[in-house]
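A short worksheet on the structure shown next.
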2 protein chains.
Amino acid sequence: MKSKGNMKTTSKGKSEKRVFHNNDECPIRNVVAQIGDKWSVLILFVLIEGPDRFNSLKSRVVGISQRMLTQTLRDLEREGYVNRTVYPEVPVKVEYELTSMGRDLIKPLYQLVSWAETHHDEIKRSRKAYDERS
Amino acid sequence: MKSKGNMKTTSKGKSEKRVFHNNDECPIRNVVAQIGDKWSVLILFVLIEGPDRFNSLKSRVVGISQRMLTQTLRDLEREGYVNRTVYPEVPVKVEYELTSMGRDLIKPLYQLVSWAETHHDEIKRSRKAYDERS
DNA sequence: CGGAATCCGCCGCGATACTG
DNA sequence: CAGTATCGCGGCGGATTCCG
């Protein structure tokens with residue numbers, strides 16, 4: 001990890017305890033804060049398979065409301081992960097697709113997904129054990 | 001990606017549109033929901049450098065309140081990412097450290113961090129451009 | 001079809017005060 | 001030192017209604 005502005009050491013010669021700040025200048029928090037919401041990762045993984053339209057997305061991300069789909073897509077677009085294209089037909093057709101940065105984000109995200117699937121049971125067991133202790 | 005229960009296709013012969021559910025059975029949402037909060041990743045990255053005590057963590061995760069540090073540590077412990085050890089001295093000493101699963105989680109998380117640092121500027125530019133358009 | 005606008009409940013999170 | 005308890009706000013996110 002490169003030592004950016006938001007991660008400093010208490011430099012007294014030998015680098016010691018690194019300090020972390022939670023603000024807009026923290027790259028990891030910037031990304032995690034965006035994809036950490038309720039729907040972003042699911043939408044991203046749906047869009048891996050190719051461009052898709054609003055209502056199709058709505059049916060593939062089960063349980064999402066119109067409001068949250070719109071809002072999450074806007075956020076992803078603002079971050080630069082998703083492109084929005086309007087085809088002025090009647091009725092209107094709108095397609096969403098991953099940008100190159102969006103497709104690039106998928107790679108580390110996919111690592112996390114694989115990890116999550118591998119450890120899913122272990123996590124569930126840990127939760128159960130924790131809850132039974134208390 | 002293995003086809004688990006929460007990701008299905010509308011199987012009509014050739015696998016087509018995958019569907020995603022947001023529930024407890026979705027491994028990725030399980031993990032992202034936990035580390036996606038405001039403080040978890042920062043605490044995890046502090047603990048990479050070795051076991052640490054409560055008040056030391058508090059000063060290294062700048063801006064976190066006692067309440068959120070306690071709560072986030074409890075959550076991470078419940079998931080199985082963090083171990084909590086109490087040393088019955090006077091005054092009490094409590095150490096937190098990553099479990100083997102916690103250290104393992106760091107790997108994919110670190111990929112994400114690297115990605116975040118690499119694309120931080122691009123994201124900031126995308127936001128700026130988006131905001132100026134509207 | 002693909003939204004925008006409004007209303008509102010819940011809870012994540014911070015601030016503060018107290019405790020073994 | 002390492003917490004717990006209580007209060008309160010802001011914002012996420014759901015339900016509903018209206019629009020080009």
Contact between B:His120 and A:Asn30 at the side-chain level, heavy atoms closer than 4.5 Å - yes or no?
yes
Between the protein and nucleotides 6-8 of chain D, which nitrogen or oxygen pairs are less than 3.5 angstrom apart?
none

A:Phe54 side, atom CZ; A:Leu73 side, atom CG - distance, nearest 0.5 Å
7.0 Å
Do A:Val82 and B:Tyr130 belong to the same hydrophobic cluster, where Ile, Leu, Val, Met, Phe, Trp and Tyr are linked whenever their side-chain heavy atoms lie under 4.5 Å apart, directly or via other members?
no
Side chains of B:Trp39 and A:Asn22: is there a donor and an acceptor less than 3.5 Å apart?
no
Rounded to the Å, how far apart are B:Leu69 CG and D:dC1 C1'?
13 Å
A:Ile64 or B:Lys93: which one's nearest nucleotide on DNA chain D is closer to the 5' end?
B:Lys93
Is there side-chain contact between A:Leu47 and A:Leu57, with at least one heavy-atom pair below 4.5 Å?
yes
Closest-nucleotide ordering on DNA chain C, the 5'-leading residue of A:Thr70 and A:Asn22
A:Thr70
When you check the phosphate oxygens OP1 and OP2 of D:dG14, does a side-chain N or O of A:Lys38 lie under 4.0 Å from one of them?
yes
Nearest 0.5 Å please: distance from the CD atom of B:Gln34 over to the CZ atom of B:Arg78.
9.0 Å
If you measure from the Lys or Arg side-chain nitrogens to the Asp or Glu carboxylate oxygens, is any gap between A:Glu97 and A:Arg103 under 4.0 Å?
no
Could you check which residues of residues 72-91 of chain A get a heavy atom under 4.0 Å from DNA chain C? Sort them by number, please.
A:Arg74, A:Arg84, A:Pro91
Going 5' to 3' along DNA chain C, between which two nucleotides do contacts with chain A fall, using a heavy-atom cut-off of 4.0 Å?
C:dC1 to C:dT6
Euclidean distance, atom CG of residue A:Leu42 to atom P of D:dG13 [Å, nearest integer]:
12 Å
A:Met68 CE to D:dG11 C1', in whole Å, measures 11 Å
Within the pair B:Tyr96 and D:dG3, is there a side-chain N or O less than 4.0 Å away from OP1 or OP2?
yes
Using a heavy-atom cut-off of 4.0 Å across all strands, would you classify A:Gln71 as base, sugar-phosphate, or nothing?
nothing
Measure the spacing between CZ of B:Arg60 and CG of B:Asn55 and express it to the nearest 0.5 Å.
13.0 Å
How many angstroms lie between atom CD of A:Gln111 and atom OH of B:Tyr110, to the nearest 0.5 angstrom?
14.5 Å
Atom pair NE2 (B:His119) and OG (B:Ser126), whose distance is rounded to the nearest 0.5 Å:
12.0 Å
B:Val86 and B:Leu69: same hydrophobic cluster, using ILVMFWY side-chain contacts below 4.5 Å?
yes
